[in-house]
Amino acid sequence: MNVLGIETSCDETSVAIISDNELKTNLISSQDFHKDFGGVVPELSSRAHLQILMPLIKNALSKSNISLDKIDLITATAGPGLIGALLVGLTFAKSLAYSLKKPFIPVNHIEGHIFSGFLMTEKPEFPYLCLVVSGGHTLLLIVKSDTDIQKLGTTIDDAAGEAFDKVSKLIGLGYPGGPKIQSIAESYQSDLINFPIAQCKKEFDFSFSGLKTAVLRHIQKNYGSSEQIPAGDLPMIAASFQASVVKALVNNVRKAIERFHVSSISLVGGVAANKLLGNELELLAHKFNKKLVIPSNEFCGDNAAMIAYRGLKLFNSGLKYNLDYNAYPGLSDNTFIKPFLQ
Ligand code: KG4
Ligand code: ZN
């Protein structure tokens with residue numbers, strides 16, 4: 001069984017091939033040019049997906065030594081994401097399925113992230129606590145099976161990755177903020193600024209917009225404006241902000257482990273590449289004797305391997321989709337697993 005996966009929900013074009021349950025290729029082409037605009041420009045993203053998708057598919061097939069006519073299943077991200085970007089990958093996948101007369105499975109991008117730990121050799125065990133931290137979403141979930149997910153909390157304002165991106169822009173480090181903040185914070189080993197950690201009404205929810213405002217106030221009070229921050233102070237601000245985000249995330253994970261029975265913990269999504277967050281969760285997992293699964297960097301950020309994996313699971317469970325299935329921009333617009341939205 002050869003599965004083709006396509007991911008184009010934001011600024012990564014990715015194509016993966018799973019052959020007989022083994023991942024053969026996972027190619028990721030990142031649209032670096034968005035950094036010149038300080039964030040992802042949707043129209044430019046769609047155009048770049050259009051240009052790169054075909055050559056990337058050809059490349060993936062040749063790297064996997066599989067010809068197009070040997071593909072048995074075609075999967076693509078249907079949402080959530082930028083609608084124009086999603087339409088490029090989804091329409092391509094549907095057209096390919098139509099012309100090859102092969103089944104097509106649309107995949108929810110967040111579901112892709114939630115199960116991305118299964119791409120690793122050490123896999124999560126059900127039920128597992130899943131912290132999804134990406135540019136668009138922050139969710140704390142209990143994943144009980146392939147089809148049963150309980151939502152514990154979500155962000156009431158900015159997503160964790162979004163907070164990294166906004167603060168990075170604020171202090172002049174640019175986009176994408178996560179890796180830039182992590183890298184500059186690494187050199188700082190001294191006292192941290194005590195930025196606040198929001199307490200939400202619902203105990204497992206998150207809030208990051210107050211933290212972003214606190215960073216802004218600190219800059220205004222101490223330097224007047226971000227242009228006047230001495231380069232030597234940037235690591236302190238970045239490290240203090242990063243520590244606060246990590247603390248907010250880890251606090252809720254700790255409360256959830258204490259409250260619910262879980263066998264493992266899985267940290268997924270682009271922000272899962274953050275070393276401090278990974279290290280803190282490692283300590284927590286060790287303390288509570290739980291297995292921790294964090295996908296390698298290739299599978300933390302947006303990638304087609306997780307889409308192909310999830311698509312194959314849905315296909316094997318007997319699901320069938322028509323080619324009139326449409327792309328959707330928001331998480332709640334459509335998903336296979338309804339409960340985690342409630
Ligand atoms: O999952 P992802 O690739 O795309 C979305 O579905 O949103 O996540 C991208 C987000 C960006 O906000 C980026 O700044 C953040 O992940 N990110 C990080 C790190 N690497 C990427 N945040 C913190 N630390 C990192 N090392
Ligand atoms: Zn993502």
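Counting starts at 1 for both ligands and their atoms, following the listed order.
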For atom 26 (N) of ligand 1, the protein heavy atom that lies nearest, with its residue and separation: Gln182 OE1, 3.2 Å
Classify the ring geometry of Phe126 against Phe115: parallel below 30°, tilted from 30° to 60°, perpendicular beyond 60°. perpendicular
Within the 4.0 Å heavy-atom shell around His109, which atoms of ligand 1 are there? 6 (O)
Nearest non-hydrogen protein atom to atom 2 (P) of ligand 1, with distance, is Asp302 OD1, 3.3 Å
Between CG of Leu87 and CD1 of Ile83, what distance do you get to the nearest 0.5 Å? 5.0 Å
Just to be sure I read this right, does ligand 1 sit under 4.0 Å from the backbone of His137, its side chain, both, or neither, counting only heavy atoms? neither
For atom 15 (C) of ligand 1, find the nearest protein heavy atom and state the residue, atom name and distance (0.1 Å precision). Val271 CG2, 3.9 Å
Just which atoms of ligand 1 are under 4.0 Å from any heavy atom in Gly301? 3 (O)
Shortest non-hydrogen contact from Ala85 to Cys10? CB-O, 4.1 Å
For Gly161, counting its heavy atoms only, list the atoms of ligand 1 lying under 4.0 Å from any of them. 12 (O)
Under a 3.5 Å threshold, yes or no: a donor from one side chain and an acceptor from the other, between Gln242 and Ser240? no
Hphob cluster co-occupancy, Val132 + Tyr328, side-chain heavy atoms under 4.5 angstrom: yes
So do the side chains of Ile171 and Ser226 get within less than 4.5 Å of each other, counting heavy atoms only? no
Take Lys247 and Glu280 through the salt bridge (charged side-chain N to carboxylate O under 4.0 Å, His left out) test and state the conclusion after the steps. CA-CA 9 Å; Lys247 211 171 193 177; Glu280 292 296 320; over 6 Å; no
With a 4.5 Å heavy-atom cut-off, do Lys320 and Pro103 have their side chains touching? no
Polar protein atoms near the Zn ion (ligand 2) [N, O or S; cut-off under 2.8 Å]: His109 NE2, His113 NE2, Asp302 OD1
Would you say the side-chain atoms of Asp157 and Ser207 include a donor-acceptor pair closer than 3.5 Å? yes
Between Ser19 and Glu22 (side chain of the first, backbone of the second, donor and acceptor by atom type, cut-off under 3.5 Å), is there such a pair? no
Note the single closest protein heavy atom to atom 24 (N) of ligand 1, along with its residue, its atom name and the distance in Å. Asn274 ND2, 3.0 Å
Would you say the side chain of Met1 lies within less than 4.5 Å of the side chain of Phe315, judging by non-hydrogen atoms? yes
For a 4.5 angstrom cut-off between non-hydrogen side-chain atoms, does Val253 reach Leu281? yes
Identify which of Ala272, Gly39, Gly135, Gly81 has a heavy atom lying nearest to atom 7 (O) of ligand 1. Gly135
Nearest protein heavy atom to atom 14 (O) of ligand 1, by residue and atom, and its distance? Asp165 OD1, 2.7 Å
For residues Tyr175 and His34, establish whether the separation of their ring centroids is below 6.0 Å. no
Phe164, any N or O under 3.5 Å of ligand 1 N or O: no
Under 4.0 Å, counting heavy atoms only: does Lys275 come that close to any atom of ligand 1? no
Quick one: sort the Phe204 and Phe260 rings into parallel, tilted or perpendicular, breaks at 30° and 60°. tilted
With only distance considered, is Glu12 within less than 3.5 Å of ligand 1 through an N or O on each side? no
Suppose we measure from atom 22 (N) of ligand 1 to each protein heavy atom; which comes out shortest, and what is that distance? Gly178 CA, 3.2 Å
Give the numbers and elements of all ligand 1 atoms closer than 4.0 Å to a heavy atom of His113. 1 (O), 6 (O)
Heavy-atom contacts with Gly177 under 4.0 Å: which atoms of ligand 1 show up? List them by number with element. 14 (O)
Exercise: identify the closest heavy-atom pair between His113 and Asp302: NE2-OD1, 3.1 Å
Per-atom contacts, ligand 1 versus Gly136 - under 4.0 Å to a heavy atom: 7 (O)
How close does the nearest protein non-hydrogen atom get to atom 17 (N) of ligand 1, and which residue and atom is it? Gly270 O, 3.6 Å
